[in-house]
Amino acid sequence: MKKFLFLGFLFAGNALAATYTFNKNNNKVDWQAVGNPGFLRINAEGGSAEGVIYADGGKVSGALTVDLRDYRTGIELRDEHMKNKYLMVDKYPKAKLVLKNQSYLEGKEITTKGLLTLKDETKPVDVIFTVTGKLLDAKFKIKLSDFPSVGIPSHLGVTVANELTVNVKANL
Amino acid sequence: MKNLIVIISLLFSTSAFSFPSNTRLGYSSCSSCHISPTGGGILTSYGRDTAADILSTFSDKKEAQPLHGALDPYLPMERTIIKEDLSLLIGGDFRYIVINKNNFWMQRDVELAVSLNKTVTLAVSAGYYLNEIESRRSYLLVNLNENLSVRLGKFFPAYGILFDDHTVATRRGLGWDQGQESYNLEFAYKNQLGEIFITPTVGTSPVLDMGSRKGYTIRTNETGIATRLAGYVGEKSQVGVSSYYLVNQDLENPSVNIYYGAYGLLGLTEDIYLLTEFDIANQQDIFSTNQLGWEILKGLHLVGSYQRRASINEWDAKAQWFPRPHLEVSLAYNYTDIRTSTVMMLHYYL
């Protein structure tokens, strides 16, 4: 039961043009979901974003991808269902987030729009982030109902709640 | 044929105890894996499947099914569908104990749950104890929605940690040993942040009087209420507080019992956990159970514990192994201020 994706973002908070490179060593992208009945807490770890974000004149643009095959939730059967049954990582190994000319301000919590691609569907998401120096902290929510090709994971009566939360921490 | 198979399956017993250490794997509430809102007892379909995946060292694909999958598809991992939304779940336990040089059957139980649209569930257990057949746990459960449930029947009220060992200080010491289930009406509310249980009780031996002029009445010397409030902490832990108030109006031995305490189910890492409970009984006696466990490889646990029962201190060291679905073996050394013992348990659950 599960899904996936994530995205990263980052930004640096000054007016000078800059390029920020994400790699597997400088950030972590995790996500949390809830399964019912029982409010089972599902925590997926192991992923990180790769890509480049450009910051110039108070605007940011760029694209980041996450390899969904990297995620683990602590239970092998659940990981297998998540990757093979719902995310189909053999065919769609990556999730992608694209930002286009989004505003930011260093040290302030900003909400910005991104386009998230999961499998072959692309939907807008609201990303809340804060950049302080080289540190980025961000999160956003994904509604599984927005991605019918992924669906709502369910296994033997336990169903994942429609909304899950993605968290990103980066040190660029 | 299908009915015969179901009847045969009822000869197997049911797991009456829970495994609160699974909190460290994100199972902060018991309802994902158990029919009972407080855990223990009959497993849900998901709980059965998960038991193979997270509890056992080795397992094959259908092995967690009743009778190891031998009667598939009549007894599948999923609920056995009787008719449309009416489904059946079965469970059972055999536990055989060797304490020093004494050996005996500790538990031989069967449990059956019938569920209508997964909203209304009737669960009944029957076991063979001391040459008698006894039902220690039976209830009607109504899940009003994903947060709220009501349960009426005979079971342990929600208080502290429902340890998988009924002899620990905070179970046996407080009067919740095996065979001491009471008759209760439980109200439970759960959400992502925590849970609360409020359980009025009429004690362990009420009498239903069907001959009174008022119609049916329940006569009991005991009335009381148990409450438990818990919060889910992070991804792996739960902490809570409990209280219990019971009045016994027996003419010869009237009494009032007041307990209150706190507990924690703490997932320190994915493999190391601490189960700790501290209770005060009648404002004078301390009862405490503390278990530090380490799952050194999947299904194999080493557990050290310290308990206090009023003025007696007790230490245990235990190795607990779930080699395959349905099987558990444990070996424990127990030391108290007044005695020592070695306990081996063999457990088969349906």
Side-chain angles (χ1 to χ4, degrees), chain A residues 1-4 6 28-47 70-87 137 139-145 151-169, chain B residues 22-37 39 43-55 59 61 64-65 76-79 87 89 115 118-119 143 145-149 188-195 230 232-238 267 269-271 298:
Chain A
M1 69 188 109
K2 262 72 18 355
K3 15 196 167 167
F4 308 65
F6 309 126
K28 285 197 314 181
V29 182
D30 302 330
W31 54 267
Q32 293 81 43
V34 173
N36 284 309
F39 297 98
L40 164 62
R41 291 175 290 179
I42 303 164
N43 190 38
E45 299 176 331
D70 291 339
Y71 284 96
R72 301 174 310 279
T73 66
I75 297 177
E76 286 181 15
L77 182 62
R78 184 164 63 195
D79 292 345
E80 182 191 322
H81 286 176
M82 169 181 71
K83 292 176 185 178
N84 298 330
K85 184 177 177 182
Y86 292 97
L87 293 176
D137 210 321
K139 66 179 177 184
F140 62 95
K141 294 186 187 296
I142 297 172
K143 285 188 178 176
L144 297 174
S145 53
I152 305 288
S154 182
H155 181 62
L156 295 177
V158 175
T159 301
V160 177
N162 186 39
E163 194 172 87
L164 58 92
T165 302
V166 179
N167 292 290
V168 181
K169 291 190 186 304
Chain B
N22 286 337
T23 297
R24 67 199 155 90
L25 300 175
Y27 295 97
S28 46
S29 165
C30 306
S31 304
S32 297
C33 296
H34 293 275
I35 296 292
S36 165
L43 292 166
T44 63
S45 310
Y46 179 88
R48 181 177 290 283
D49 192 38
T50 300
D53 205 32
I54 68 171
L55 203 61
S59 65
K61 194 165 177 60
Q65 292 177 210
M77 194 78 76
E78 301 81 21
R79 295 160 177 257
S87 57
L89 293 169
S115 179
K118 299 183 185 178
T119 300
N143 291 308
N145 53 44
E146 71 176 17
N147 301 105
L148 194 61
S149 68
Y189 178 82
K190 302 181 182 187
N191 63 18
Q192 287 195 49
L193 300 177
E195 56 189 44
Y232 305 145
V233 179
E235 304 299 324
K236 303 177 191 295
S237 302
Q238 178 189 135
T269 69
E270 274 193 20
D271 304 316
K298 192 172 82 161

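Letters A, B, ... mirror the listed sequences (proteins, then strands); counts begin at 1.
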Does the pair A:L156 and B:T44 meet the rule for a side-chain contact (heavy atoms from CB on, under 4.5 Å), with working shown?
-> CA-CA 8 Å; A:L156 295 177; B:T44 63; over 6 Å; no
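The environment of NZ in A:K28 is sparse: at most 12 heavy-atom neighbours from other residues, nucleotides or ligands sit within 6.0 Å.
One distance of note links CD of A:E76 with CD1 of B:I54; it measures 12.0 Å at 0.5 Å rounding. Put simply, OG1 on B:T50 and CG on A:L40 are 8.0 Å apart, with the number rounded to the nearest 0.5 Å.
Between A:F39 and B:E146, the shortest heavy-atom contact is CE1-O, 3.7 Å. Residues A:I75 and B:D53 come closest through the heavy atom pair CG2-OD2, 2.7 Å. Summarising the geometry of A:R41 relative to B:K236, their closest heavy-atom pair is NH2-N, 4.0 Å, with the distance given to 0.1 Å. Of all heavy-atom pairs spanning B:Q192 and A:V34, the tightest one is OE1-CG2, 3.3 Å. Residues A:V158 and B:Y46 share a closest heavy-atom pair of CG2-CG, 3.4 Å. The nearest pair of heavy atoms linking B:S32 to A:G38 is OG-CA, 3.6 Å.
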